[in-house]
Amino acid sequence: MSHNLQKLTAILNSKAPYSNSAGKDALDIALIFGSFEQPTSLFFQGDGVYQLTQAQNGSIIDVKDYLKTFAAFEFYDIENIYVCQRSLKERGLPSYFHIDQVQVLTTDEFAAKLAIHHTVFRF
Amino acid sequence: MSHNLQKLTAILNSKAPYSNSAGKDALDIALIFGSFEQPTSLFFQGDGVYQLTQAQNGSIIDVKDYLKTFAAFEFYDIENIYVCQRSLKERGLPSYFHIDQVQVLTTDEFAAKLAIHHTVFRF
Amino acid sequence: MKKLAVVITTPPYSNLSATALDYVETALNSGVEVIGVFFYQDGVILANQQVQIASDEFQCIAHWEMLHQTFNLPLHLCITAAEKRGLSDEQPNNIHSIFTISGLGELVELANKADRMVQF
Amino acid sequence: MKKLAVVITTPPYSNLSATALDYVETALNSGVEVIGVFFYQDGVILANQQVQIASDEFQCIAHWEMLHQTFNLPLHLCITAAEKRGLSDEQPNNIHSIFTISGLGELVELANKADRMVQF
Amino acid sequence: MPTLHIVRQSAFNTNDFAQCLQVLRNGDVIVFIDDGCYNLHHKLINTVDSNAKIQLNVMEKHAQARAIIINKSLYTAINMNTLVELTMTTSRVITWQ
Amino acid sequence: MPTLHIVRQSAFNTNDFAQCLQVLRNGDVIVFIDDGCYNLHHKLINTVDSNAKIQLNVMEKHAQARAIIINKSLYTAINMNTLVELTMTTSRVITWQ
């Protein structure tokens, strides 16, 4: 495989975690890119921010809780994790999350960060 | 088949016609209920009102234009066709349509009509 | 006893279909007569025998099979919707045997016979 | 010449996938090098040989086959997404032969090689 | 002749709940399930006319799985048995999904 | 380094276009395709900062199929060839679907 370490990939999450499989599908991509040592950033906007909420428990509704796998991001060197402050506010959500290293960004900062990436997948 | 002519079925359309197959799936149900002589009403709300817009032409984008089949409603004795006035207004759409017999209802009237039906399918 | 019919339009890889299953199972266990479940739109994918769900994830189909057998619950597959999604009653190992191949006429029948029809 | 890769996540029974096809065909005809199309999520249903679309509706798969043959266009099927939706490379008459069975590693490869990656 | 409205979508993401509110009638019953539970904290909920005697219910386990706090002075937390009962005691069901 | 935003959903139905607007930067390019064409008549379009030099394009045949009138003083009607070109001349693509 040809490596180009300059090529940055962003995964933009826009769906809530359980009713839709988009979050899991995006996670699978993130982990593969991580395991191939591709620099990858995660963005959470809109209902996607619900994927970061503390104290969720999918097992209550028979979901294998893929959110727990988020703890592995560090192992995969996925260290750039950004959440949209405005989306949090609109939903009355606090700025603490079930994983560390989440950076809360204003819309301008969020837009600027997204714009340094070469590829953006949105789920 | 047991017939119960008192049982009224409503089909509530909420999706625009082309990008989503919901409109076609709803139409198939309407025509089957019609062919079994079941009293059936059609409701259009939200982006569903776009299914009634005049001068659309799916063939431009390779869609077999199921909207043309709406002309068959009369033949199937589907005569109660209701559209939400508020949804039209929000979208800047006029009150004329590609089929006759469409009744434009205020939200209260729309809600009242819906509430006389025994079964409501929403697509 | 009141009669219930259910239409399922959500795919098996979404948790929405687990909710539908939960609802039907609860109805059956509380003594409601469920006269049939009709699978339409993406709901039909459940009937594909080749669907592979990781073994540590919720096995929806095994649960439906149990309900079908325990309560003699009719599971109707809309064949038109199924064919659009690659299911075929002409291929071996394709449509799970707990499903009855049906058309939309069956939905008319269910709507007629049921006291209440619910979509999931 | 710039290299393009495309990811398709929308199902064949939606007009959204016809747009994706139109985009890829236009790119190929205008001389862009399309290094691969990767089918993911509901996009994988296109690869199911048993999909039956009424003969008077747009035959998406026939068109993809033509592009595959004319331009030697690689069509990658994400097997994990496919298995969730009832496709199987262990069954006969199941996955259309124009598709290459792939994993998400192929998407990494495409993202790396392409100058631009577009999702449809 | 109340209608049971089963709301399954987040109003932050789609227009479905807004459409549901447009057809609400006095005495109707709402049950928030699945992603519909997010609507407990959406401003649209404040547009429900308090004189219209709308029953607001939440599927407790669906809210709990999502770590959504239920204000029990506003919402009744229910289980699946209650949803089945409500299906039978109301006159029709509309699922907003 | 402009971003190409491909908008495929109606803002009357989902929140996607609103999210797109939140990440718009000066000089970005929007193309409305599929149901995204309905956004030409959505009030959100008025929130696009006229000083930000955002290019607004519409896939002409997608609008035409839907009988959507294109105000050509505001929008550039394009074909699929132009979308392919825009993909290559901008720096990245985000698809809002």
Side-chain angles (χ1 to χ4, degrees), chain C residues 1-46 57-58 60 63-64 66-67 70-71 73 81 107-108 110-120, chain E residues 1-17 19-20 23 27-40 55 57-68 70 76-97:
Chain C
M1 193 161 58
K2 284 206 174 177
K3 294 184 171 77
L4 176 70
V6 177
V7 179
I8 296 184
T9 55
T10 47
Y13 42 88
S14 153
N15 187 250
L16 292 170
S17 67
T19 300
L21 171 63
D22 189 8
Y23 175 84
V24 171
E25 183 171 19
T26 305
L28 289 165
N29 284 329
S30 64
V32 171
E33 186 185 348
V34 183
I35 61 168
V37 181
F38 188 88
F39 292 84
Y40 194 50
Q41 295 186 313
D42 284 350
V44 301
I45 296 172
L46 177 72
E57 291 189 29
F58 183 61
C60 227
H63 222 93
W64 279 111
M66 186 270 285
L67 293 185
T70 310
F71 295 96
L73 175 68
L107 186 64
V108 179
L110 289 171
N112 249 312
K113 285 186 183 160
D115 295 292
R116 204 74 74 243
M117 170 73 82
V118 183
Q119 193 179 354
F120 269 101
Chain E
M1 301 271 293
T3 299
L4 172 62
H5 301 272
I6 301 180
V7 178
R8 305 187 86 183
Q9 297 256 29
S10 160
F12 296 101
N13 195 37
T14 74
N15 195 236
D16 300 86
F17 182 46
Q19 289 172 35
C20 167
V23 303
D28 276 1
V29 181
I30 296 180
V31 179
F32 296 105
I33 70 170
D34 300 310
D35 282 356
C37 297
Y38 294 123
N39 298 327
L40 268 61
Q55 283 184 46
N57 303 281
V58 186
M59 184 62 59
E60 186 162 29
K61 63 182 170 184
H62 292 186
Q64 205 181 338
R66 291 167 176 79
I68 296 167
I70 302 174
T76 306
I78 66 167
N79 60 22
M80 200 52 90
N81 276 301
T82 308
L83 179 59
V84 170
E85 277 167 37
L86 285 170
T87 314
M88 294 311 188
T89 53
T90 50
S91 298
R92 75 196 59 75
V93 185
I94 308 180
T95 305
W96 303 86
Q97 67 185 5

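In the text below, chain A, chain B and the rest are named by the order of the sequence lines, each starting its count at 1.
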Given E:Arg8 and C:Thr10, is the side-chain contact (heavy atoms from CB on, under 4.5 Å) satisfied, shown in steps? CA-CA 12 Å; E:Arg8 305 187 86 183; C:Thr10 47; 4.3 Å; yes
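- Distance check: E:Met88 CE to C:Met1 CE gives 9.5 Å after rounding to the nearest 0.5 Å.
- The part of E:Ile33 that comes within reach of chain C is its side chain, from C-beta onward, which places non-hydrogen atoms under 4.5 angstrom from that chain.
- For the options E:Asn81, E:Val93, E:Ile94, E:Thr87, heavy-atom pairs under 4.5 Å to chain C are most numerous at E:Thr87.
- Rounded to the nearest 0.5 angstrom, E:Leu83 CG and C:Asp22 CG are separated by 9.5 Å.
- Residue C:Asp115 does not touch chain E at all, counting heavy-atom pairs closer than 4.5 Å.
- In this structure, E:Arg92 and C:Arg116 approach most closely via the heavy-atom pair CA-CD, 4.0 Å.
- Of all the heavy atoms in C:Ser30 and E:Val84, the pair that sits closest is OG-CG1, 4.0 Å.
- Only the side chain of E:Ile6 comes within contact range of chain C, with at least one heavy atom under 4.5 Å from a heavy atom of that chain.
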Mind running side-chain contact (heavy atoms from CB on, under 4.5 Å) on C:Gln119 and E:Gln97 for me, showing each step along the way? CA-CA 9 Å; C:Gln119 193 179 354; E:Gln97 67 185 5; 4.1 Å; yes
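- Annotation: maximal heavy-atom pairing with chain E below 4.5 Å, among C:Asn29, C:Leu4, C:Leu16, occurs at C:Leu16.
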